Amino acid sequence: MPRGKKAAPAKPPVVVKETKTRKQRTTDPDERIALVDKRIDELEKTIADRRALIAKTETVLDQRRDALVKTEEMLASAQAKKQRIVGSKEAGSIKAYNRQVKATEKAKVSELMEMLKASGKSLDDVLAVLKDEE
């Protein structure tokens, strides 16, 4: 049996590059003025668009600055509140300590008064003895 021919690899299609041709330069001053006027209009429109974008961005920036100031004020308020809470907590512990000291002192005084009653001496007698010792 005869052998078949091998298929030749497919050749990529030939791409024809278009050559860019320059526009012919016009020497007519009216046409040149019209082209420049067109370019001026395009540039003025671009400038107006950019100015509008800048104005919009500035308003957003101003809003963000205002929000930042408010947030900083809220932070300062929260920190002050924390300080007040810590201060009241410490003051509460100081008050509790003072109450405890007063209670122990009151217990000591009542014990002393009971001892005085048991001994039969008066408070004035004890004070007189203490003054004589000084």
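Predicted model, so just to flag it, every value in this text is computed and none were measured.
Rounded to the nearest 0.5 angstrom, Asp41 CG and Thr46 OG1 are separated by 10.5 Å. Rounded to the nearest 0.5 angstrom, Lys95 NZ and Ser88 OG are separated by 9.0 Å. Of the inter-residue distances, the one linking Asn98 atom CG with Glu105 atom CD reads 11.5 Å to the nearest 0.5 angstrom.
Looking at residues two or more places apart in sequence or on another chain, you find a salt bridge (Lys or Arg N to Asp or Glu O under 4.0 Å) between Arg39 and Glu42. By the side chain to side chain donor-acceptor pair (under 3.5 Å) test, Ser122 is found to be paired with Asp125, residues two or more places apart in sequence or in another chain being considered.
Grouping Ile, Leu, Val, Met, Phe, Trp and Tyr residues whose side-chain heavy atoms lie under 4.5 Å apart, directly or via other members, places Ile40 in a hydrophobic cluster with Val36. Tyr97 belongs to a hydrophobic cluster whose remaining members, ordered by chain and number, are Val101; membership requires side-chain heavy atoms of ILVMFWY residues under 4.5 Å apart, directly or through intermediates.
Screening Met115, Lys117, Lys121 for a side-chain contact (heavy atoms from CB on, under 4.5 Å) with Ser119, the sole residue that qualifies is Lys121.
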Review item, side-chain donor-acceptor pairs of residues 126-133, under 3.5 Å, at least two apart:
none

Donor-acceptor pairs are to be reported for all side-chain atoms of residues 56-80 against protein atoms at under 3.5 Å, with residues two or more places apart or in another chain.
unit_1	atom_1	unit_2	atom_2	d
Thr57	OG1	Leu53	O	2.7
Thr59	OG1	Lys56	O	2.6
Thr71	OG1	Ala67	O	2.7

